[in-house]
There are 2 protein chains.
Amino acid sequence: MASLSAKENTMLAILGILTIGPHTGYDIKQHMEQSTQYFWKENYGQIYPGLAELLKNKDVAVRVQRQDGKPDKKIYSITEQGKQLLNNWLSQPMEHMVMLKKNELLLKVFFGSNTSADIIIGHILDHKKKLEEALQIFLGLEEWLLKQETDDPNIKYWLITNDYGKRQFSSLIHWCDDSISLLNKSI
Amino acid sequence: MASLSAKENTMLAILGILTIGPHTGYDIKQHMEQSTQYFWKENYGQIYPGLAELLKNKDVAVRVQRQDGKPDKKIYSITEQGKQLLNNWLSQPMEHMVMLKKNELLLKVFFGSNTSADIIIGHILDHKKKLEEALQIFLGLEEWLLKQETDDPNIKYWLITNDYGKRQFSSLIHWCDDSISLLNKSI
DNA sequence: GAGTTCATGTAACCGGTTACATGATTAG
DNA sequence: CTAATCATGTAACCGGTTACATGAACTC
């Protein structure tokens, strides 16, 4: 079980997807876009080299499926060793700080006194619209997850991660409303 | 008013800080760590080159203050042209998506079925502790802001950005509690 | 005909982070 | 005696994003 350093989390995210079932590199990206997209996403520039290194370390295995007209499919699956690696990573504590992503909206609001309140209100309204659209996706996903077989041990965890986004976005929609009325009051 | 491209937001963040008053590069970092740290932070590797380019474009001006024992202080202030640039940026719409930062905690929770519930509960508890500490900072900052002169037009905007963090973190603390009890139920 | 989907992969670019270099003063 | 603070700046590293290359099949 060689250490991974560097692109570590990328590779663990790939390994995680492979616990669900065998995937091609292409599939992995598609899968992430449907499930983990709002907190984790990789692009091909990371996935293909990541898979190559996982293969080199024997944490995954490949089966090549011939196709014509398209490049051959390389279907990857997780090995026992890969499962151990994932398991070890899962139990490792994280020293990540609680820090938000760089947020351009907040940067503009923070310096809002340098322009008119209406402009800031406009930005917040735009943001609210996007939050509401995103919230719909979480609600749709929740509904879908609740319909699935209850004996799949993943469902519980997937509902929890979905709930994280749901709550966060709901509270931010309220922030938009309250901030707008606060700014309107003082015009 | 030359276009900035690239490191654009970094430079606008610097310009924004300079609307509050003249600052050295060193001060700007300190200032960001106290005020915008949870949604915007730059390091010297960006601030010093950023200031150099802003100076080249005449969006800021410098005054050098001799010091002995330390490098001379370069005190930057925003020019009229810089104010126009900032103002223009403030009114520009953003096409940022609503997307969270890559979140290692959620990645582990998402793949939680590959380990024991206790381990995931442990991670969530660790996270909760950090959220609570961060929330205290927001509450402290809010208290301080409310004590300031009410005629400073910045205060209102700073309270709003602070509130963003406050709400987000509060709702996530609840998520921690609810997720833990959900995971405990099924052990 | 143009654009999207499937499917692989590489190369270049670009920005953010860390480490290094310098060096006096003050606090523990 | 060590570490932190003030104060500037550069260089190297590293990872993430975008674009490119290839090419058949299918949809609009």
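Values reported hereafter were calculated over all heavy atoms of this structure, with side chains retained and with hydrogens, waters and symmetry mates removed. Proteins come first, then strands; the chains are lettered A, B, ... in the order of their sequence lines, and each starts at number 1.
- Within the 4.0 Å cut-off from OP1 or OP2 of D:dT17, at least one side-chain nitrogen or oxygen of A:Asn43 is found.
- A straight line from CD1 of B:Ile28 to C1' of D:dG9 spans 14 Å, rounded to a whole angstrom.
- Taking atom CG on B:Asn9 and atom P on C:dG15, their separation rounds to 11 Å, with Å as the unit.
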Output, in order, the C-alpha distance, side-chain angles, deciding distance and verdict of salt bridge (charged side-chain N to carboxylate O under 4.0 Å, His left out) for B:Glu33 and B:Lys29.
-> CA-CA 6 Å; B:Glu33 257 148 36; B:Lys29 186 159 192 283; 3.0 Å; yes

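- Heavy-atom nearest nucleotides on DNA chain D were determined for B:Pro49 and for A:Gln46, and the one closer to the 5' end corresponds to B:Pro49.
- Here the C1' atom of nucleotide D:dA7 and the CD1 atom of B:Ile75 are 12 Å apart, to the nearest Å.
- Qualifying side chain to side chain contact (heavy atoms under 4.5 Å, CB included) partners for B:Tyr48, counting only residues two or more places apart in sequence or in other chains: B:Tyr26, B:Tyr44.
- Partners of B:Glu132 according to the side chain to side chain contact (heavy atoms under 4.5 Å, CB included) rule, which considers only residues two or more places apart in sequence or in another chain, are B:Lys128, B:Ile173.
- In this structure, the NZ atom of B:Lys101 is 12 Å from the C1' atom of C:dT17, given to the nearest Å.
- Taking B:His23 as the reference, B:His31 meet the ring-ring contact (aromatic ring centres under 6.0 Å, His included) condition, with sequence neighbours excluded.
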Do any N or O atoms of the protein come closer than 3.5 Å to N or O atoms of nucleotides 5-7 of chain C, and which pairs are they?
unit_1: C:dC6; atom_1: OP2; unit_2: A:Tyr26; atom_2: OH; d: 2.9
unit_1: C:dA7; atom_1: OP1; unit_2: A:Gln67; atom_2: OE1; d: 3.0
unit_1: C:dA7; atom_1: OP1; unit_2: A:Lys73; atom_2: NZ; d: 3.4

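- As rounded to whole Å, 15 Å separates atom C1' of D:dT18 from atom CD of A:Glu42.
- B:Ile75 belongs to no hydrophobic cluster, as no Ile, Leu, Val, Met, Phe, Trp or Tyr side chain comes under 4.5 Å of its own.
- When the P atom of D:dG9 is taken as reference, atom NZ of B:Lys29 falls 15 Å away, rounded to whole Å.
- Not counting sequence neighbours, A:Tyr76 has no partner by the ring-ring contact (aromatic ring centres under 6.0 Å, His included) test.
- In this structure, B:Glu33 atom CD and C:dT17 atom C1' are separated by 14 Å, rounded to whole Å.
- For A:Ile14 and C:dT8, the CD1 to P distance is 12 Å, given to the nearest whole Å.
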